[in-house]
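Down below is the structure, laid out as structure tokens.
Convention: sequence-line order gives letters A, B, ...; per-chain numbering from 1. Only a predicted model underlies this, so the values are computations on that prediction, with no experimental measurement involved. Quick note: numbers below take in every heavy atom, side chains included, and nothing from hydrogens, waters or symmetry partners.
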Amino acid sequence: VSIAWYLAVSAIVFALGAVGVMTRRNPLVVLLCLELMLNGANLALIAFARMWGNGDGQILAIVVMTVAACEVCIGLGMIVAIYRRRLPIDVDELRELQG
Amino acid sequence: VSSVVFFIAAIGVIGGAVGVVVLRNPFYSVLALVVHLLSLAVLFLLLRSEFVAAVQVVVYAGAVMVLYVFVVAYVGGEGETIGARLRGGLAGGGPIASGLRLGGALVGGALLVELLIALLGTGLKAIEGHGAGYRPGPHAYGTPAYIGNLLLTRFLLVFEVASFLLLVAAVGGVVLARRRGGIAEAPDEDLRPLDVRRPLLTGTMAEAVGVAPVGADGAAGERTGGGQGW
């Protein structure tokens, strides 16, 4: 299987994650779709690292995983705080900052 | 054999991603993401990135997904329908909502086409190949020794910055999810029989065992006061 197949899979996963971020209203699912987008990027990074036989892409993929873990931590903390204040768990309802 | 494994894993990856986006219940979305992550780890193994695949399974499919499952169980699996209920069911299938959904799908399709053109339409000849040469060994490409060597020599600054970022995120998560004393929260603990006030000398069990029933009110207040810490 050539590298191009892996790149195609990563593009499909990224686009699916983007669709989920744009269409879903539950912030939990939005976070999950963000993970999908990050994973698509990770797959492309590792495929390119394999293509060059170079470890830099793998290091960047590990850093992306770290950033994703931080994002999950903060995002889930925000969701728990929103739930504690009895606000609706819905990104369409939570638009006070939007004016 | 490797192409068969690739196609099975790719079907798992794409099917898991579709499940995350499509399924209504957030709990099932989390489970679909676990399938997606495990299949993705298989793809990483096929790309000879053993350490990244192991990290993917242990950190992502293990720790992060457990965190998601806990929060979904805490917030409630029906988060999607809460807003719809508040707006009287308008958000469920209104024309604006479905239009927005269609628009999102269209933008996503355009993004997919653009990405495919950008990735596959490049002049790079090497993407048709199977990657660079690979020689197995204890320090070969993708092994923990290889990754650790890179992380502690060339990418030491990145490593330290990532660790500091994790520290900041951990502190931020604790601060965000902390139970604040200032917010007036309804004490949502269930009542025990002793908490219910009853008239004096009506033959309660508390009187029978010698606990003064007048103290029931005070005991309830003391209990809610003591139950704040966790």
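Of the possible donor and acceptor atoms, one in the side chain of B:Tyr146 sits under 3.5 Å from a partner among the backbone N and O of A:Gly55. Of the possible donor and acceptor atoms, one in the side chain of B:Tyr141 sits under 3.5 Å from a partner among the backbone N and O of A:Arg50.
Between B:Leu47 and A:Ile3 there is a side-chain heavy-atom pair separated by less than 4.5 Å. In this structure, B:Phe159 and A:Val63 have side chains that are not in contact, with every pair of non-hydrogen atoms separated by 4.5 Å or more. Considering only heavy atoms from C-beta on, A:Ile79 comes within 4.5 Å of B:Val75 through its side chain. Looking only at side-chain heavy atoms (C-beta outward), A:Ser10 and B:Leu119 come within less than 4.5 Å of each other.
Between chain B and the residues A:Phe14, A:Tyr6, A:Phe48, A:Trp5, the most heavy-atom pairs under 4.5 angstrom are made by A:Tyr6. For the options A:Gly17, A:Gly40, A:Pro27, A:Ala49, heavy-atom pairs under 4.5 Å to chain B are most numerous at A:Ala49. No other option in B:Leu33, B:Val174, B:Val158, B:Val64 has as many heavy-atom pairs under 4.5 Å with chain A as B:Leu33. Counting heavy-atom pairs under 4.5 Å between each of A:Cys70, A:Gly53, A:Ala15 and chain B puts A:Cys70 at the top. Interface summary for chain B: among A:Asn42, A:Val67, A:Ile12, the most heavy-atom pairs under 4.5 angstrom belong to A:Ile12. The choice from A:Val19, A:Leu76, A:Leu7, A:Val72 that makes the most heavy-atom pairs within less than 4.5 Å of chain B is A:Leu76. In terms of non-hydrogen atom pairs under 4.5 Å with chain B, the most contact-rich of A:Leu43, A:Val21, A:Ile82 is A:Leu43.
With a 6.0 Å radius and a threshold of 12 heavy atoms from other residues, nucleotides or ligands, B:Phe6 has its CZ atom above the threshold. With a 6.0 Å radius and a threshold of 12 heavy atoms from other residues, nucleotides or ligands, B:Tyr74 has its OH atom above the threshold.
Only the side chain of A:Ile59 has a heavy atom closer than 4.5 Å to any heavy atom of chain B. When heavy atoms are compared at a cutoff of 4.5 Å, A:Leu60 does not approach chain B at all. At a 4.5 Å heavy-atom cutoff, the contact between A:Ile62 and chain B is made by side-chain atoms alone. Heavy atoms of A:Ala44 lying under 4.5 Å from chain B are absent altogether.
Distance check, rounded to the nearest 0.5 Å: CD1 of A:Ile46 to OG of B:Ser49 gives 4.5 Å. Taking SG of A:Cys73 as the start and CG of B:Leu166 as the end, the distance is 9.0 Å to the nearest 0.5 Å.
For residues 136-158 of chain B, every residue pair satisfying the salt bridge (charged side-chain N to carboxylate O under 4.0 Å, His left out) rule, not counting sequence neighbours, is listed here: A:Asp56-B:Arg154.
A side-chain N or O of A:Glu35 and one of B:Tyr60 form a donor-acceptor pair less than 3.5 Å apart.
Contact record, A:Gln58 with B:Arg48: NE2-O, 4.2 Å, taken as the closest heavy-atom pair. Across every non-hydrogen atom of B:Val21 and A:Arg24, the tightest pair is O-NH1, 2.7 Å. Between B:Ile14 and A:Leu16, the shortest heavy-atom distance links the atoms O-CD1, 4.1 Å. Residues B:Leu120 and A:Ala4 share a closest heavy-atom pair of CD2-O, 3.5 Å. Counting all heavy atoms, side chain and backbone alike, B:Pro26 lies closest to A:Leu32 at O-CD1, 4.4 Å. Taking both residues in full, the closest heavy atoms of B:Leu116 and A:Ala11 are given as CD2-CB, 3.8 Å, listed atom of the first, atom of the second, then distance.
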Inset, instruction - Would you sort out whether B:Leu176 and A:Ile74 count as a side chain to side chain contact (heavy atoms under 4.5 Å, CB included), showing the intermediate values? - result: CA-CA 8 Å; B:Leu176 276 174; A:Ile74 299 295; 3.9 Å; yes

